[in-house]
Colleague: 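Below you will find the structure I want to go over with you.
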Amino acid sequence: MPTPFIGDLIESTVGKVVDKITDKYLPPSMSEKEKTELKLEAQRLAIDEYKTALSDVRGARALAGKESEGAPGWTKVLTVTHRPVWSFVMLGVFVWTVLAQYIGFPGIPLTEIHKEIMQTVIIFYFGGRSIEKAAGTVWGKS
């Protein structure tokens, strides 16, 4: 079940979308009661779809956790550290390209595509962590 904030957000957003669709596509001859019933049913279906999607995500996470129980220890370490290690390597390469010239070492010549890949990795790591933390706060998990 969604938290009150998330539930309210979904319901208000879904309600606005449903209102616009029904205003545009329902015949004017339809009674207000029928329109209201249709809007409520559409909102209920959208919220059910959201709950199903949320349940699927939780199920996938539970399955992944269960599958990793019998795995060797090094694979468990890899699942936890691959993202931070890769991000810190990229951050190190970036710092090296900036500092190497000042301490007398050759720099690493980077093309635009290399720079974009590094930026993407760093942004996804820190952005992903921020989203995970925010989601954990909203759903009461630390």
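What you are looking at is a predicted structure, and each value in this text was computed from that prediction instead of being measured. Basis for what follows: all heavy atoms, side chains included, without hydrogens, waters or symmetry-related copies.
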Colleague: Once salt bridge (Lys or Arg N to Asp or Glu O under 4.0 Å) is applied, what residue pairs with a partner in residues 93-110 remain, sequence neighbours excluded?
Modeller: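 Residue pairs passing salt bridge (Lys or Arg N to Asp or Glu O under 4.0 Å), neighbours aside: none found.
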
Colleague: Drop me the distance from Glu37's CD to Leu40's CG, to the nearest 0.5 angstrom.
Modeller: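 Reported to 0.5 Å precision, the distance equals 8.0 Å.
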
Colleague: Is Ile103 reachable from Val93 through a run of hydrophobic residues whose side-chain heavy atoms are each under 4.5 Å from the next?
Modeller: yes

Colleague: Would you give the length of the straight line joining atom CG of Leu45 to atom OG1 of Thr52, rounded to the nearest 0.5 angstrom?
Modeller: 10.5 Å

Colleague: Can you sort out the partners of Glu49 under side-chain contact (heavy atoms from CB on, under 4.5 Å), two or more places apart, ordered by chain and number?
Modeller: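 Counting only residues at least two positions away or on another chain, Glu49 forms no side-chain contact (heavy atoms from CB on, under 4.5 Å).
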
Colleague: The criterion is side-chain hydrogen bond (donor to acceptor under 3.5 Å, both in side chains); which residues satisfy it with Glu34, sequence neighbours excluded?
Modeller: Ser31

Colleague: Mind jotting down which residue pairs meet the salt bridge (Lys or Arg N to Asp or Glu O under 4.0 Å) criterion with at least one end in residues 89-104? Sequence neighbours excluded, please.
Modeller: none

Colleague: Give a yes or no on whether Leu91 and Trp96 share a hydrophobic cluster (residues Ile, Leu, Val, Met, Phe, Trp, Tyr; joining criterion: side-chain heavy atoms under 4.5 Å apart).
Modeller: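 Same cluster.
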
Colleague: Just distance, no hydrogens or angles: give the donor-acceptor pairs under 3.5 Å from side chains in residues 105-116, sequence neighbours left out.
Modeller:
unit_1	atom_1	unit_2	atom_2	d
Thr111	OG1	His114	N	3.4
Thr111	OG1	His114	ND1	2.7
His114	ND1	Thr111	N	3.2

Colleague: For the hydrophobic clusters of this structure (ILVMFWY residues joined by side-chain heavy atoms under 4.5 Å, transitively), does one cluster hold both Val98 and Phe88?
Modeller: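 Same hydrophobic cluster.
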
Colleague: Mind checking salt bridge (Lys or Arg N to Asp or Glu O under 4.0 Å) for Glu41 and listing every partner two or more places apart, or none if nothing turns up?
Modeller: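 If we apply the salt bridge (Lys or Arg N to Asp or Glu O under 4.0 Å) test to Glu41, skipping adjacent residues, the hits are Arg44.
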
